[in-house]
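By convention here, the first residue in the shown sequence is residue 1.
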Amino acid sequence: MSKKIWIGLITIIILLIPLAGYQFWYVPNYRGDDYYTYVGESYKEIIEKDDAGNDHREYYYNQDGYDKSGDKKLLKFNSALGRPIKADNYLKVTYNDKKQQVISWEKVEKSSVPRKPLEQLLK
């Protein structure tokens with residue numbers, strides 16, 4: 001083969017390595033499916049003491065969430081804010097099946113929740 005063909009092949013391989021890494025490592029570990037849930041006063045507060053004797057509070061949620069087709073999943077997550085999530089809010093929660101956990105959540109307006117999940121949440 002000529003030198004230009006070898007250079008072209010090596011260039012293509014070098015460009016494909018990051019794409020393969022993204023697809024086979026990043027996507028399964030750091031992406032997930034979106035579910036929608038409604039937060040009321042449904043948290044569990046756990047108070048722990050640190051080494052200095054100060055209180056450390058964590059707020060845990062176990063709630064049903066619904067994907068865009070209305071399929072249900074139990075979502076377990078914490079507020080990560082040092083305080084409870086404000087009541088009467090809709091959340092968009094990203095759940096990673098490989099890790100079997102919620103990897104992120106964000107507050108959304110009721111108007112941006114798809115129709116099927118909203119119907120399930122209003123039951």
Give every residue pair that meets the salt bridge (Lys or Arg N to Asp or Glu O under 4.0 Å) criterion with at least one member in residues 94-114, sequence neighbours excluded.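 Listed by first then second residue: Lys73-Asp97.
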
Show me the pairs that pass salt bridge (Lys or Arg N to Asp or Glu O under 4.0 Å) and involve residues 82-95, at least two apart or across chains.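 Sorted result for residues 82-95: Asp34-Lys92.
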
Output all residues satisfying side chain to side chain contact (heavy atoms under 4.5 Å, CB included) with [X], sequence neighbours left out; order by chain, then residue number.
{"X": "Ser104", "answer": "Thr94"}
{"X": "Ile14", "answer": "Ile10"}
{"X": "Asn54", "answer": "Asp50, Ala52"}
{"X": "Ile7", "answer": "Lys3, Thr11"}

Could you measure the distance from the [atom1] atom of [X] to the [atom2] atom of [Y]? Nearest 0.5 Å is fine.
{"X": "Asp67", "Y": "Tyr35", "atom1": "CG", "atom2": "OH", "value": "5.0 Å"}
{"X": "Gln120", "Y": "Tyr36", "atom1": "CD", "atom2": "OH", "value": "14.5 Å"}
{"X": "Lys116", "Y": "Asp71", "atom1": "NZ", "atom2": "CG", "value": "8.5 Å"}
{"X": "Tyr61", "Y": "Phe77", "atom1": "OH", "atom2": "CZ", "value": "7.0 Å"}
{"X": "Asn62", "Y": "Lys76", "atom1": "CG", "atom2": "NZ", "value": "5.5 Å"}

In this structure, would [X] and [Y] fall into the same cluster of hydrophobic residues linked by side-chain contacts under 4.5 Å?
{"X": "Val102", "Y": "Leu74", "result": "no"}
{"X": "Trp6", "Y": "Ile12", "result": "no"}
{"X": "Leu91", "Y": "Tyr95", "result": "yes"}
{"X": "Val93", "Y": "Tyr43", "result": "yes"}

Nearest heavy-atom neighbours spanning Ile47 and Arg57: CD1-NH1, 3.2 Å

Does [X] have any side-chain hydrogen bond (donor to acceptor under 3.5 Å, both in side chains) partners at least two apart in sequence or in another chain, and if so, which?
{"X": "Tyr59", "result": "Glu45"}
{"X": "Tyr90", "result": "none"}
{"X": "Glu119", "result": "Arg115"}
{"X": "Lys49", "result": "Asp55"}

ILVMFWY cluster membership beyond Ile46 - transitive side-chain contacts under 4.5 angstrom: Tyr60

Under 4.5 Å between any side-chain heavy atoms of Tyr66 and Val113, yes or no? no

Does Asp64 have any salt bridge (Lys or Arg N to Asp or Glu O under 4.0 Å) partners at least two apart in sequence or in another chain, and if so, which?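 Partners of Asp64 by the salt bridge (Lys or Arg N to Asp or Glu O under 4.0 Å) criterion, ordered by chain and then number, come out as Lys72.
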
